[in-house]
Amino acid sequence: MEIIEENPYRFRMPAHGAMRVPGIVFASRKLLPMAQEDRSLEQVANVATLPGIVVASYAMPDVHWGYGFPIGGVAATDIDAGGVVSPGGVGFDISCGVRLLAAGVGRAELGSRLAGLMDTLGHTVPRGMHRGSVWQLTGPGQLERVLTGGAGYAVESGHGVARDLDRCEDGGRVEGADPSLVSRRAFERGLGQVGSLGSGNHFLEVQAVEEVYDDTAASAFGLHRDQVCVMIHCGSRGLGHQVCTDYVRSMEQVMSRYDIQVPDRQLACAPVESPEGGDYLRALAAATNYARANRQLLTATARRAFEAHLGSGLDLVYDVSHNLATIETHEVDGRPRRLCVHRKGATRALPPHHPDLPADLAGTGQPTLIPGTMGTASYVLAGVAGSPAFHSTCHGAGRTRSRHAAARGVSGRALREELESHGIAVRGTSWKGLAEEAPSAYKDITAVIEASEGARLCRKVARLVPLGVVKG
DNA sequence: ATGTGC
């Protein structure tokens with residue numbers, strides 16, 4: 001496979017075979033995945049064969065192997081040219097994303113109260129593989145309201161304030177959700193999980209702003225040096241997972257009817273303007289709203305802990321997803337086109353003055369939240385004008401070793417000891433789960449951010465460091 | 001990511 005270095009942060013894979021467009025990989029030489037350990041560049045080439053794909057199949061600097069599409073992949077298809085939507089281009093954790101809250105206290109004021117705060121968060125934040133959630137729903141009817149109302153429904157029900165919604169992507173609720181297209185099985189899985197972290201790389205962290213790179217943007221976002229923050233990283237739990245499973249199956253069955261051939265079964269897809277494509281997008285919207293409500297409910301739990309221990313509130317800085325497919329208009333070959341933009345492990349980063357931004361953030365661009373590896377750093381970024389991949393950037397550090405390999409190499413107990421020795425309070429649930437998230441299994445988040453900025457996908461606003469971590 | 005497998 002030919003890869004041409006166009007500049008230190010941009011690599012091109014010319015179209016070959018069935019590829020309709022080239023592959024573009026934003027990375028440094030050091031971050032570029034090696035074919036023998038990670039087949040994600042092969043996946044970038046596979047995605048480039050999808051009907052209707054425009055411009056390029058993109059990879060962000062944190063790209064790694066995923067189901068069908070790479071994680072860290074961006075692909076847009078032209079709806080009016082038979083463009084397809086593919087559940088594998090969003091991933092199993094629909095609308096997985098990050099929310100950042102800013103406390104009214106600084107690092108020094110938190111001081112010795114950290115341990116007690118972490119104990120309360122450890123006891124009240126539902127997490128892990130099994131059931132348990134902030135919200136005990138009364139039945140499927142109430143879940144329907146979650147699926148159509150998103151974070152807005154959580155706020156209406158007393159779990160938040162109106163201003164929270166101004167600080168969520170899409171106002172906390174996407175249009176077009178149809179609960180009747182979410183299977184009974186997905187309902188059953190989702191019913192007892194609204195307001196829960198899950199497991200894997202999901203977390204709730206208490207963090208501090210370690211460094212500010214852009215004072216104007218940081219101040220518009222409500223952030224300043226040494227401020228205490230809370231970062232929540234989670235998604236749509238078993239409900240989103242089941243929606244993905246259901247629609248992969250449905251599309252596998254109809255692809256031949258639309259005369260679509262793909263090089264990998266995991267790229268199952270259907271035209272956006274087909275019954276199956278449309279149904280998936282309406283179920284996707286429902287799962288998206290579920291994830292937004294989920295993060296809103298965990299916010300309410302974090303606020304109760306902060307109020308009790310510090311007498312401090314938590315203002316929502318922003319909430320943004322990194323696993324979505326959305327209908328957007330972009331100019332392609334000099335003409336505005338209606339596109340279905342898949343972002344899987346990629347975060348939208350709208351430039352300053354984009355019409356979808358809230359008025360008070362128009363000057364700065366979209367806040368883009370990047371969770372780092374446990375015990376390292378997380379970043380707040382902002383969108384920039386003229387970015388090359390449909391206003392997208394990275395979403396995290398990106399794995400270099402599988403969960404299995406990570407757990408083999410590290411002991412969870414030793415990892416906790418090490419984090420605690422650096423002053424980071426750890427409230428976990430499983431030693432194995434902790435080991436699977438060892439920083440040694442991930443790329444260097446700072447190198448990923450540098451490459452993202454170098455490729456002009458975004459700009460840095462602030463770096464956050466962990467003080468305490470609640471893990472699923 | 002995930003009732004961590006068809």
Side-chain angles (χ1 to χ4, degrees), chain A residues 38 40 43 62-73 86-99 126-133 143 182-194 196-204 232-249 252-253 265-266 268 283-284 287-288 290-292 294-295 298 320-325 342-347 370-371 373-374 394-408 412 428-438 441-442 471-472:
Chain A
D38 178 303
S40 58
Q43 295 187 312
D62 51 334
V63 68
H64 58 110
W65 186 88
Y67 179 90
F69 282 58
I71 297 163
S86 173
V90 174
F92 281 87
D93 196 3
I94 293 168
S95 193
C96 180
V98 181
R99 169 176 286 225
R127 61 195 190 277
M129 279 293 290
H130 303 290
R131 290 164 78 94
S133 53
L143 183 51
V182 173
S183 68
R184 190 175 155 183
R185 201 169 191 188
F187 260 74
E188 283 165 3
R189 291 179 68 173
L191 206 50
Q193 299 184 323
V194 193
S196 64
L197 273 185
S199 57
N201 65 356
H202 291 163
F203 64 73
L204 181 149
I232 298 168
H233 177 203
C234 63
S236 52
R237 304 294 329 271
L239 183 135
H241 191 278
Q242 191 63 46
V243 167
C244 182
T245 303
D246 293 339
Y247 283 90
V248 164
R249 198 160 300 162
E252 272 174 350
Q253 285 163 4
R265 275 191 62 177
Q266 297 184 349
L284 176 78
T288 299
Y290 184 96
R292 307 281 168 89
N294 190 17
R295 291 193 284 275
L298 292 169
V320 65
S321 298
H322 47 234
N323 285 357
L324 275 186
H342 302 74
R343 294 188 184 84
K344 178 187 192 179
T347 318
I370 310 298
T373 313
M374 184 171 49
C394 63
H395 87 302
R399 268 194 181 275
T400 52
R401 305 171 73 188
S402 67
R403 290 180 190 290
H404 196 68
R408 223 171 18 223
T429 43
S430 111
W431 293 118
K432 183 163 156 280
L434 207 59
E436 287 175 352
E437 294 305 314
Y442 282 86
K471 283 295 290 182

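So you know, we letter chains A, B, ... as the sequences are listed, proteins then strands, and number each from 1.
If you look at A:His233 and A:His322, their ring centroids are closer than 6.0 Å.
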Kindly give the atom pairs (protein nitrogen or oxygen, nucleotide nitrogen or oxygen) under 3.5 Å for nucleotides 4-6 of chain B.
none

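Within 4.0 Å of A:Arg185, counting heavy atoms only, lies at least one base atom of the nucleic acid. Heavy atoms of A:Gly91 sit nowhere under 4.0 angstrom from any nucleic acid atom.
Across all their heavy atoms, A:Ala346 and A:Gly73 have their closest contact at CB-O, 4.0 Å. Between A:Val243 and A:Ala287, the shortest heavy-atom distance links the atoms CG2-CB, 4.5 Å.
One atom, NE2 of A:His202, and another, C1' of B:dT2, lie 10 Å apart when rounded to the nearest Å. Taking atom CD of residue A:Gln193 and atom C1' of nucleotide B:dT2, one finds them 9 Å apart after rounding to whole Å.
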| said: Does A:Glu437 form a salt bridge (Lys or Arg N to Asp or Glu O under 4.0 Å) with A:Arg399? I'd like the steps, not just the answer. | reply: CA-CA 9 Å; A:Glu437 294 305 314; A:Arg399 268 194 181 275; 2.9 Å; yes
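Distances shown here put every side-chain N or O of A:Arg189 at or beyond 4.0 Å from the OP1 or OP2 atom of B:dT2.
Distance check, rounded to the nearest 0.5 Å: CG of A:Leu204 to NZ of A:Lys471 gives 11.0 Å.
For A:Ala291, the side-chain contact (heavy atoms from CB on, under 4.5 Å) criterion is met by A:Ser95, A:Ser236, A:Arg295, not counting sequence neighbours.
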